[in-house]
Asks: 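Please see the structure below; I have some questions.
All heavy atoms count here, side chains included; hydrogens, waters and symmetry mates do not. Computed from a predicted structure; not experimentally measured. This chain uses plain numbering: 1 for the first residue, then up along the sequence.
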Amino acid sequence: MSVFDTEGSDANGHEQVVFCQDRQSGLKAIIGIYSTALGPALGGTRFYPYADEQAALTDVLNLSRGMAYKNALAGLDLGGGKAVIWGDPARIKSEGLLRAYGRFVESLNGRYYTACDVGTYVPDMDIIARETRFVTGRSVEHGGAGDSSILTAWGVFQGMRAAAEHTWGTPTLAGRTVGIAGLGKVGKYLAGHLIDDGAAVIATDVNEAALNWARTTYPQIQLVADTAALITADLDVYAPCALGGALDDDVVPVLRAKVVVGGANNQLAHPGIEKALLEHGILYTPDYVVNAGGVIQVADEIEGFNFERAKLRATGIFETTKRILSLADEESVSPAVAADRLAEERMAQVGRLRSIYLS
Ligand SMILES: NC(=O)c1ccc[n+]([C@@H]2O[C@H](COP(=O)([O-])OP(=O)(O)OC[C@H]3O[C@@H](n4cnc5c(N)ncnc54)[C@H](O)[C@@H]3O)[C@@H](O)[C@H]2O)c1
């Protein structure tokens, strides 16, 4: 795929794609800036052993485009970008490599802000920050927001409340049964919010430590063997909180839940699956809308982190989700299409303001 190819590619129309190399430290990185219509592009750095350069490029283009839509609907004055570092972090991550990467981020002079993603963590951001001002997701000791899964889970809960109101008429999960796949950082906080709200929780995880956490912290959570058992359980809501691709051609026909709201990124296994969900009468709230609490949390660092302000903004995911679900009904489209339309509208409306000349 060519970067400039506007045909036959999901990821196109990028403003800028930067290839970065520092041979001595082994750094090979690609920074993708999809849009700065709303402000500097914000998105994390994924450190991953891609099979080849093409795979790294495809990933960064898809991810940076997704961040533009996520940041737009989160109401942030930030555009969409993402970066990938190509290599095995367990083998090649070093202070030298991270700082070399930080210098490339700095060289963009604020067009791109980075953050954590798969394979990069808060201490890595602190190292990168020794070379660039344009980094979020830093440690609390350095004025950072800390663990972003706290507001990610809060936002998912707000999205779920909105979906509950849309489906059952009241914005609460009290008396409903919610199935959580993945009791990791996000799933754990989400389980707590749901139990506090009066929901029954059924969950699964492949990690014994996560299951033990549930047994000791919330013995009322019913644990099942695997995702197959979870999706066929008597659920009202399914919350994918593990890996991507949770909703595929095998899952949709057997899913008992009528509502899907979860923290995982890229829940739709392929384009078109949102239509299958509609046909099966399943309400799917777009993942990038309801899991935006994390980016809201780290973006707040740019102003000087204030947890209450960030939480208030993440609470807004309730209203945004409601708006998307209403628009989907009005325009007879899937919520995924309605969300994309709203995001594009905001990018166009606010981005257009740059054409008003300021002396
Ligand atoms: N952490 C954030 O702030 C944030 C923000 C936005 C989106 N997300 C997305 O939310 C999802 C969860 O993120 P996280 O930070 O909680 O990650 P995590 O690694 O802490 O948790 C994932 C959990 O899923 C479990 N898991 C993996 N495969 C499974 C399977 N087949 N069945 C059941 N459980 C399985 C893992 O054992 C782990 O406990 C990811 O898709 C992530 O991209 C996270």
Side-chain angles (χ1 to χ4, degrees), residues 149-184 186-205 210-211 213-215 217-242 246-247 251-264 267-268 274 277-278 280-287 289-293 314-326 328-329 334-336 339:
S149 53
I150 295 172
L151 288 188
T152 300
W154 179 247
V156 172
F157 177 57
Q158 298 308 320
M160 210 180 274
R161 288 179 56 241
E165 182 172 294
H166 190 84
T167 309
W168 298 297
T170 47
T172 173
L173 280 305
R176 305 282 164 204
T177 302
V178 182
I180 303 179
L183 288 169
V186 175
K188 282 177 186 173
Y189 287 118
L190 179 62
H193 296 315
L194 289 168
I195 288 166
D196 289 348
D197 196 31
V201 176
I202 307 181
T204 189
D205 199 294
L211 297 174
W213 169 86
R215 286 183 190 112
T217 316
Y218 293 113
Q220 64 269 56
I221 294 180
Q222 184 193 333
L223 297 172
V224 293
D226 51 27
T227 313
L230 186 69
I231 57 171
T232 50
D234 193 9
L235 303 178
D236 296 303
V237 183
Y238 175 41
C241 292
L247 301 168
V251 169
V252 173
V254 296
L255 186 63
R256 299 273 294 275
K258 285 289 159 237
V259 172
V260 178
V261 185
Q267 288 169 33
L268 303 178
E274 72 278 8
L277 285 157
L278 272 183
H280 283 84
I282 299 168
L283 182 79
Y284 163 73
T285 62
D287 44 26
V289 176
V290 298
N291 74 14
T315 307
I317 290 174
F318 175 75
E319 290 299 335
T320 307
T321 307
K322 270 180 42 170
R323 213 170 134 212
I324 287 163
L325 298 179
S326 303
D329 283 353
S334 68

Asks: Who pairs with Thr172 by side chain to side chain contact (heavy atoms under 4.5 Å, CB included), at least two apart in sequence or on another chain?
Replies: Thr170, Ala174, Asp197
Asks: side-chain hydrogen bond (donor to acceptor under 3.5 Å, both in side chains) with Lys322: which of Glu165, Gln158, His166?
Replies: Glu165
Asks: For Val186 versus Gly263, what's the shortest heavy-atom pair and its separation?
Replies: CG1-CA, 4.4 Å
Asks: Walk me through whether Trp168 and Val259 qualify under side-chain contact (heavy atoms from CB on, under 4.5 Å).
Replies: CA-CA 10 Å; Trp168 298 297; Val259 172; 3.8 Å; yes
Asks: Output the distance between atom CG (Asn291) and atom OG1 (Thr285), rounded to the nearest 0.5 Å.
Replies: 9.5 Å
Asks: Step by step, would you call Leu173 with Met160 a side-chain contact (heavy atoms from CB on, under 4.5 Å)?
Replies: CA-CA 8 Å; Leu173 280 305; Met160 210 180 274; 4.0 Å; yes
Asks: Are the side chain of Arg161 and the backbone of Pro171 linked by a donor-acceptor contact shorter than 3.5 Å?
Replies: yes
Asks: Can you list everything that forms a side chain to side chain contact (heavy atoms under 4.5 Å, CB included) with Ala339? Sequence neighbours excluded, please.
Replies: Leu73, Pro286, Tyr288, Val289, Ile324
Asks: Search all heavy atoms of Val156 against all heavy atoms of Val261 and return the closest pair with its distance.
Replies: O-CG1, 3.7 Å
Asks: What are the two closest non-hydrogen atoms of Ala191 and Ile221, and how far apart are they?
Replies: CB-CD1, 4.0 Å
Asks: How far apart are the closest heavy atoms of Gly293 and Ala314, and which atoms are they?
Replies: CA-CB, 4.3 Å
Asks: As an exercise, state the distance from OH of Tyr218 to CG of Leu194, rounded to the nearest 0.5 Å.
Replies: 9.5 Å
Asks: Taking all non-hydrogen atoms of both residues into account, name the closest pair between Ala246 and Pro240 and its distance.
Replies: CB-CB, 3.6 Å
Asks: How far apart are the C-alpha atoms of Leu247 and Tyr238, what are their side-chain angles, what is the distance that settles it, and do they pass the side-chain contact (heavy atoms from CB on, under 4.5 Å) test?
Replies: CA-CA 10 Å; Leu247 301 168; Tyr238 175 41; 4.2 Å; yes
Asks: Quick one: list whatever passes side chain to side chain contact (heavy atoms under 4.5 Å, CB included) with Thr177, sequence neighbours left out.
Replies: Ala200, Ile202, Leu235, Asp236
Asks: Quickly, which of Asp234, Ile231, Leu230 forms a side chain to side chain contact (heavy atoms under 4.5 Å, CB included) with Arg256? Name it, please.
Replies: Asp234
Asks: If I compare all heavy atoms of Ala239 with all of Val178, which pair ends up nearest, and what's the gap?
Replies: CB-CG1, 4.3 Å
Asks: When rounded to the nearest 0.5 angstrom, what distance separates CG in Leu223 from CD1 in Ile180?
Replies: 10.5 Å
Asks: Could you check Val260 against Leu255 for side-chain contact (heavy atoms from CB on, under 4.5 Å), going step by step and ending with a plain yes or no?
Replies: CA-CA 10 Å; Val260 178; Leu255 186 63; 3.7 Å; yes
Asks: Please check if the side chain of Asp205 supplies one atom and the backbone of Ala210 the other of a donor-acceptor pair under 3.5 Å.
Replies: no
Asks: Can you tell me how far OG of Ser334 sits from CG of Leu277, rounded to the nearest 0.5 angstrom?
Replies: 9.0 Å
Asks: Rounded to the nearest 0.5 Å, what separation is found between the CD1 atom of Ile317 and the CZ atom of Phe157?
Replies: 12.5 Å
Asks: With rounding to the nearest 0.5 Å, note down the distance linking CG in Leu190 to NZ in Lys188.
Replies: 13.0 Å
